[in-house]
Enquirer: 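The structure's right below; bear with me while I get my questions together.
Order of the sequence lines fixes the chain letters, A, B, ..., with proteins taken first and strands second; residue numbering starts at 1 for each chain. Both backbone and side-chain heavy atoms feed into the values below; hydrogens, waters and symmetry mates do not.
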2 protein chains.
Amino acid sequence: MELDERKKKILQAVIKNYLETGEPVGSRTISKYTDLNLSSATIRNEMADLEELGYIFQPHTSAGRIPTDMGYRLYVDDMLSTREKELDKKDRKLDDKAESLKTMQEIMDKRVDRIEEVLKDMAKMLANNTNYTSLVSMPQANKNKLKFVQLTQVDEGKLLCTIVLEGNIVKNEMIQLDREIDQQTLLKLNLLFNNTLNGLSLQEINFDMAANMADQSGELGGLVSDILNAIVAAIGAADGIEIFTSGATNIFKYPELSGNENASRLISTLEEKDMLTNLLTDSLEEMGESSTGIQIYIGEETPVNSMKDCSVVTATYEFEDGVYGKIGIIGPKRMDYEKVVDALKNVTGSLDQKFGKGKKK
Amino acid sequence: MELDERKKKILQAVIKNYLETGEPVGSRTISKYTDLNLSSATIRNEMADLEELGYIFQPHTSAGRIPTDMGYRLYVDDMLSTREKELDKKDRKLDDKAESLKTMQEIMDKRVDRIEEVLKDMAKMLANNTNYTSLVSMPQANKNKLKFVQLTQVDEGKLLCTIVLEGNIVKNEMIQLDREIDQQTLLKLNLLFNNTLNGLSLQEINFDMAANMADQSGELGGLVSDILNAIVAAIGAADGIEIFTSGATNIFKYPELSGNENASRLISTLEEKDMLTNLLTDSLEEMGESSTGIQIYIGEETPVNSMKDCSVVTATYEFEDGVYGKIGIIGPKRMDYEKVVDALKNVTGSLDQKFGKGKKK
DNA sequence: GTTAGCACTCTATTAATTTGAGTGCTAATA
DNA sequence: TATTAGCACTCAAATTAATAGAGTGCTAAC
């Protein structure tokens, strides 16, 4: 059997109607809804075919039809491609992106700790506007190259180790020493670490190197390896992505989600945040897809178990060279994909708007 | 009418039974449950009195009784005071504590330096053990006294300002300069800031001082005030308390909470975290109450609106001198107060030991 | 003061009934 | 051959009715 034009139109109509109402849609509705001018009986026949093809199904005999994941997938792909065409028509500005990135970089430069606030606000805004759940990941350095290390004595026997990574990500680690240390030594240590570690990534700071450095430092050996451990720990900790969520309870607005106890599991996932990592780190490279970094997971496609009857849309933003973050929306499978994609595109693209374009360049 | 001993005993029995079953408790149940050897009819009379006194009520005619907030309050106060007496008598508590500390200790040993991780684990453990929702606040400096400032050149024209506050809380701020700066000047600036600001709190770094310092620095004046601004901003940011929650979805286990849409509001509150501030900063000073820093809010007593039909128990722990954090449990009003208080005491006890008092000597 | 006994109330549960949306199939129609 | 009208059938959801049971309040007796 083939998916001819008419079937496609009917499928489209079914899905569109279902997105709006959330109720299974019957043949009579379609008969009136479309401009096809077909009787409900004909629609019924076509719908039976569509069901056989796997695009729609009935929750039970004598109910209307509901799209399957496969149906949604067709619909979404269609939507995305026509959308792309439209964009091609209007001259799309690639440099627009470049501009917005500039501004983000400046935000970062100015307030190391405050991007957090910006992103939180963004998540909140997204959740409010869409009535779905939103999540945002802090920009994450892909390659954590060490740029700079600073050891400072804070108390007797207590060293503060400040580490700056490529992309100006700052980490602190407190080190407890078992002995006193004088200014002279401290200076020496600072020099040593900066000379040796500069430009290296976590992977490159291995055990050999640790042994080596410790050897060369003679009596300071133990100290050196202690500090090295602290540095590694701090960089490692930078791997744990920070994620903010907003509007978790919006899922209660959609009966098909709030009913079963999956709702609870979903909220747990959002609270734990560990599992979300899959969504937001996965495929940072494969952001080719639609060249906008937009990625859509429908139902079973999502990598997170507790979201198997949701859909998830994510977008990637670039923060600096090689430093990416992600923004996502979680909603029912019958979410308004068009609106969500738009919202995400706007948000990633309009960070500069929010903070004034005057600062670019 | 008086609340004589027998009434008190009956009330106790009603509450105890209700805590266990969650169902309204009737006269016959009490008649058998207690050692009072009274017929159900007598109990009925007494219960009518207790209702008139405001300690219990019927959800509807011909149902058993349920404690009112006032009833709970009596029960809890009683529990706390007898508990205090017991502790005074026996020193046996050490055994108990040592045992439960074992698990706690394991968590702690994992990573002393990553307080955040420790606290998160702790929250998770508490939620799992109690089946309620837990929340933990990062230790917060009461008075943010400046201990140490370090300026470091990261890029050309870019300064990293690392600030250490009393209690070893570290903040970073990136400063963009409009001109180059040489090592000599940097050294001078470092010296200047440390000498001038050391030991001062945010309130004490006022405009007068800014003007003063800028004046004294001659041509460096603009630079100095830029940096001063950065410092103030960083300290100010330290005011936002970080709070972790765990087990938010545990509230679904209690029908009286999960039913209405308050459940959703409660979860929103937990997600937002802003509102939780009230719970966890409030009354850091008034921790006198029972000299253990334990505070119990029953129903309407809680300062957070979305928790008006929950009970909240909070405890204070000391991180270092003058640096406190709080731990809280949120559950239904019929929570197992005794167990919760115990759990919190243990947890704060071991935290004190690990971080604060214990570690000191 | 305490208790036994009874009438009464109200909820919760289960079963029976009705309603209506929607389908599938068949036979007639263009 | 593709479309449509018509009808019998199905199933979920809503409505109603019937029943059981827990618990109370009150009264009269102990």
Enquirer: In terms of ring plane angle, is the pair Y18(B) and Y72(B) parallel, tilted or perpendicular, where the classes change at 30° and 60°?
Expert: tilted
Enquirer: If each of R6(B) and H60(B) is mapped to the nucleotide of DNA chain C with the nearest heavy atom, which maps nearer the 5' terminus, i.e. the 5' end?
Expert: R6(B)
Enquirer: Just how far, in rounded Å, is C1' of dG1(C) from CD of E46(B)?
Expert: 10 Å
Enquirer: When K326(B) is tested against each of T348(B), L344(B), L280(B), I243(B) for side chain to side chain contact (heavy atoms under 4.5 Å, CB included), which residue passes?
Expert: L280(B)
Enquirer: Between dT3(D) atom P and I30(A) atom CD1, what is the distance in whole Å?
Expert: 17 Å
Enquirer: Evaluate the side-chain proximity of E51(B) to T68(B): yes if any heavy-atom separation is below 4.5 Å, no if none is.
Expert: no
Enquirer: Counting C-beta onward and ignoring hydrogens, is there a side-chain heavy-atom pair between Y55(A) and Y75(A) closer than 4.5 Å?
Expert: no
Enquirer: Provide, to the nearest angstrom, the distance between the CD1 atom belonging to I66(A) and the C1' atom belonging to dA21(C).
Expert: 14 Å
Enquirer: Strictly below 4.0 Å: does S39(A) bring a side-chain N or O up to OP1 or OP2 of dT4(D)?
Expert: yes
Enquirer: Separation of R28(A) atom CZ from dT4(D) atom P, in whole Å?
Expert: 14 Å
Enquirer: Would you indicate what T61(B) reaches in the nucleic acid, counting non-hydrogen atoms under 4.0 angstrom: base, sugar-phosphate, or nothing?
Expert: sugar-phosphate
Enquirer: Find which nucleotide of DNA chain C each of N37(B) and S62(B) is nearest to by heavy atoms, and output the residue with the more 5' nucleotide.
Expert: N37(B)
Enquirer: Whole angstrom is fine here: how far is it from CZ in R44(B) over to C1' in dA22(D)?
Expert: 11 Å
Enquirer: Which whole-number value in Å describes the distance from M47(B) CE to dT2(C) P?
Expert: 16 Å
Enquirer: Tell me: CD1 of I10(A) to C1' of dT3(D), nearest whole Å?
Expert: 13 Å
Enquirer: Expressed as a whole number of angstroms, how long is the span from L50(B):CG to dT24(D):P?
Expert: 12 Å
Enquirer: Does dT24(D) have OP1 or OP2 sitting under 4.0 Å from an N or O in the side chain of R65(B)?
Expert: yes
Enquirer: Any base atoms under 4.0 Å from S27(B), or only sugar-phosphate, or nothing? Heavy atoms, all strands.
Expert: sugar-phosphate
Enquirer: Do L126(A) and S246(A) come within less than 4.5 Å of each other through their side chains, counting heavy atoms only?
Expert: no
